[in-house]
S.K.: 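Take a look at this one; I'll ask things after.
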Amino acid sequence: MVTTMSSRVESLASSGILSIPKEYIRPKEELTSIGNIFEEEMKEEGPQLPTIDLKDIESEDKEVREKCREALKKAAMEWGVMHIVNHGISTELMDRVRVTGQAFFDQPVEEKEKYANDQASGKIQGYGSKLANNACGQLEWEDYFFHLAYPEDKRDLSIWPKTPSDYIPATIEYAKELRGLATKILSVLSLGLGLEEDRLEKEVGGIEELLLQMKINYYPKCPQPELALGVEAHTDVSALTFILHNMVPGLQLFYNDKWVTAKCVPNSIVMHIGDTIEILSNGKYKSILHRGLVNKERVRISWAVFCEPPKEKIILKPLSETTSEAEPPLFPPRTFSQHIEHKLFRRSQEALEKK
């Protein structure tokens, strides 16, 4: 069954409600850690998400190049997430992606419904909202648009937004640029493990098979932001995730047993190491737990591109070079599809245990 307009979070938020439905209220144990995101972003004390300057990632000067690559490796091992700047993607292109994505969501809900997905029938691409997980019945304060963006031969432009007209050209160009950036990052991460430069890229599907999935997350204003989450705590299943946002704070990382708020860094892209790289590196690179907070004052939009291996073709397991007698494999062999199923099953079990 296609989700109806009334179940869109945007429709709910604009209906004038003063309190949110109970399905959106987080469990008691979570509520104590949800604060005002604008106050959280202003805090200077405590650990801060690292910012990595990629300007010298391919420098002719070996010492300069190594310093840049070492900073990236360190952030991937300690945090598993970072702001990246001087990444080679123009401000103009990032602005086009933001402007066109926001213009799509600025349309009336009825217009967006023409692109509605239908998760029950397996049609996951398109406009949607989170359906309740049967185990916990919990909903998130967001609507989204999801589609495969790259490679060219696997994407279906017929389901991409036609309005605004620049959405398709801007997204095509952005996905292509990100694909090149992913290769550079994977090369540095490979070398950081003492592997051949192209090894991790091959292990996640190479040029032909690595998929770039675009998800535009739309978080409407929330009348009770202290009770809700835009996206619940999770780790990304991807190899890498690249995130643009509209400079409204919301992202929090669970670092050293505390939630740390990511500041808004102009012209940066937030990059996450996903489970796939954590598994291949046998835990040397971290896939960090993170979540999204919402607020009363401003709509938050983020553009997440997940770089994912093919679902069935590759067995994900720690590479032999990353294991030893002292460091045995931390993860059992699974296909990407099996890894996703395992996470969903584990989450359902945890939710049932809390009931």
Side-chain angles (χ1 to χ4, degrees), residues 26-54 67-85 140 185 188-189 192-193 225-243 245 248-265 268-295 300 302 304 306 318 322 326-331 339 343 346-347 350-351 353-354:
R26 305 308 302 180
K28 281 195 178 71
E29 64 273 14
E30 277 187 77
L31 293 177
T32 53
S33 70
I34 299 175
N36 179 307
I37 193 63
F38 298 110
E39 290 172 11
E40 296 290 335
E41 196 209 7
M42 287 167 67
K43 288 180 181 172
E44 294 296 338
E45 72 275 10
Q48 300 291 337
L49 182 64
T51 297
I52 304 300
D53 190 336
L54 299 184
K67 190 179 174 190
C68 172
R69 293 180 173 191
E70 193 56 39
L72 174 57
K73 173 186 162 183
K74 184 171 184 275
M77 288 183 160
E78 288 182 11
W79 281 82
V81 62
M82 62 205 79
H83 299 286
I84 52 175
V85 295
E140 296 164 325
I185 300 289
V188 173
L189 296 177
L193 294 171
E226 71 283 359
L227 300 181
L229 285 175
V231 61
E232 64 189 13
H234 67 288
T235 60
D236 289 355
V237 294
S238 59
L240 300 171
T241 306
F242 295 100
I243 301 173
H245 55 77
V248 175
L251 175 65
Q252 290 192 320
L253 305 311
F254 198 62
Y255 181 77
N256 284 349
D257 297 325
K258 284 198 178 75
W259 287 106
V260 176
T261 300
K263 298 201 179 318
C264 293
V265 176
S268 71
I269 294 175
V270 175
M271 187 188 81
H272 285 267
I273 302 293
D275 297 350
T276 297
I277 295 296
E278 182 177 62
I279 291 166
L280 292 168
S281 70
N282 201 31
K284 291 174 176 61
Y285 295 131
K286 302 287 184 286
S287 179
I288 196 169
L289 192 68
H290 56 285
R291 67 183 187 182
L293 267 60
V294 289
N295 72 82
R300 179 168 184 263
S302 68
F306 303 97
T322 66
E327 295 179 304
L330 297 173
F331 308 93
H339 174 66
K343 283 188 82 166
R346 203 173 58 196
R347 198 179 295 170
E350 286 167 2
E353 284 163 15
K354 284 178 186 173

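These numbers come from a predicted model, not from an experiment.
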S.K.: Less than 4.5 Å apart, any side-chain heavy atom of Tyr285 and any of Lys73?
M.R.: yes

S.K.: State which residues pass side-chain hydrogen bond (donor to acceptor under 3.5 Å, both in side chains) with Ser33; sequence neighbours excluded, sorted by chain then number.
M.R.: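 Checked Ser33 against side-chain hydrogen bond (donor to acceptor under 3.5 Å, both in side chains); matches are Arg291.
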
S.K.: Given 3.5 Å as the limit, does a donor-acceptor pair link the side chain of His245 with the main chain of Ile243, or not?
M.R.: no

S.K.: State which residues pass side-chain hydrogen bond (donor to acceptor under 3.5 Å, both in side chains) with Asp275; sequence neighbours excluded, sorted by chain then number.
M.R.: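 Per chain and number, Asp275 pairs via side-chain hydrogen bond (donor to acceptor under 3.5 Å, both in side chains) with Thr235, Ser287, His339, Lys343.
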
S.K.: Provide the closest heavy-atom pair for Leu193 versus Ser281 in the form atom of the first, atom of the second, distance.
M.R.: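 Answer, listing the atom of Leu193 first, then Ser281: CD1-CB, 3.8 Å.
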
S.K.: For the side chain of Lys286 and the backbone of Glu78, is there at least one donor-acceptor N/O pair under 3.5 Å apart?
M.R.: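 Here the side-chain-to-backbone pair does not exist.
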
S.K.: Taking His272 as the fixed residue, which of Ile277, Asp236, Leu240 is the one that meets the side chain to side chain contact (heavy atoms under 4.5 Å, CB included) rule?
M.R.: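 With His272 as partner, side chain to side chain contact (heavy atoms under 4.5 Å, CB included) holds for just one option, Asp236.
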
S.K.: For Glu226, which residues count as a salt bridge (Lys or Arg N to Asp or Glu O under 4.0 Å) partner, sequence neighbours excluded?
M.R.: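 Here no residue qualifies.
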
S.K.: Residues two or more places apart in sequence or in another chain: which of them pass side-chain hydrogen bond (donor to acceptor under 3.5 Å, both in side chains) with Lys43?
M.R.: Glu40

S.K.: Only counting residues at least two apart or in another chain, list the ones meeting side-chain hydrogen bond (donor to acceptor under 3.5 Å, both in side chains) with Asn36.
M.R.: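 Asn36 satisfies side-chain hydrogen bond (donor to acceptor under 3.5 Å, both in side chains) with no residue once adjacent residues are dropped.
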
S.K.: Report yes if the side chains of Thr261 and Phe38 come closer than 4.5 Å at any heavy-atom pair, otherwise no.
M.R.: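 Thr261 vs Phe38: side chains apart.
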
S.K.: I'd like to check Tyr255 versus Val81 (side-chain heavy atoms, cut-off strictly below 4.5 Å). Are they in contact?
M.R.: no

S.K.: Within this structure, what is the NZ-OG1 distance for the pair Lys284 and Thr322, rounded to the nearest 0.5 Å?
M.R.: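 Reported to 0.5 Å precision, the distance equals 5.0 Å.
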
S.K.: Determine whether Thr276 and Val237 satisfy the following criterion, side chain to side chain contact (heavy atoms under 4.5 Å, CB included), listing intermediate values before the conclusion.
M.R.: CA-CA 6 Å; Thr276 297; Val237 294; 5.6 Å; no

S.K.: For residues Val294 and Leu229, determine if any side-chain heavy atom of one lies less than 4.5 Å from a side-chain heavy atom of the other.
M.R.: no

S.K.: Between Asp53 and Cys68 (side chain of the first, backbone of the second, donor and acceptor by atom type, cut-off under 3.5 Å), is there such a pair?
M.R.: no

S.K.: Taking the side chain as C-beta and beyond, is there a heavy-atom pair between Ile185 and Leu54 under 4.5 Å?
M.R.: yes

S.K.: Do Met271 and Leu72 have side-chain heavy atoms sitting under 4.5 Å apart?
M.R.: yes

S.K.: Would you indicate whether the side-chain heavy atoms of Leu280 and Pro318 approach each other to under 4.5 Å?
M.R.: no

S.K.: Are the side chain of Glu140 and the backbone N or O of Glu232 linked by a donor-acceptor pair below 3.5 Å?
M.R.: yes

S.K.: Spell out, as yes or no, whether a donor-acceptor pair under 3.5 Å connects the side chain of Arg300 to the backbone of Val248.
M.R.: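 Flag set: sc Arg300 to bb Val248 pair under 3.5 Å.
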
S.K.: So, for Pro249 and Glu41, which heavy atoms are closest and what is the spacing to 0.1 Å?
M.R.: CG-OE1, 3.7 Å

S.K.: List in chain and number order the residues that pass side-chain contact (heavy atoms from CB on, under 4.5 Å) with Ala75, two or more places apart in sequence or in another chain; answer none if no residue qualifies.
M.R.: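 In terms of side-chain contact (heavy atoms from CB on, under 4.5 Å), with neighbours along the sequence ignored, Ala75 is linked to Pro50, Ile52, Met82.
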
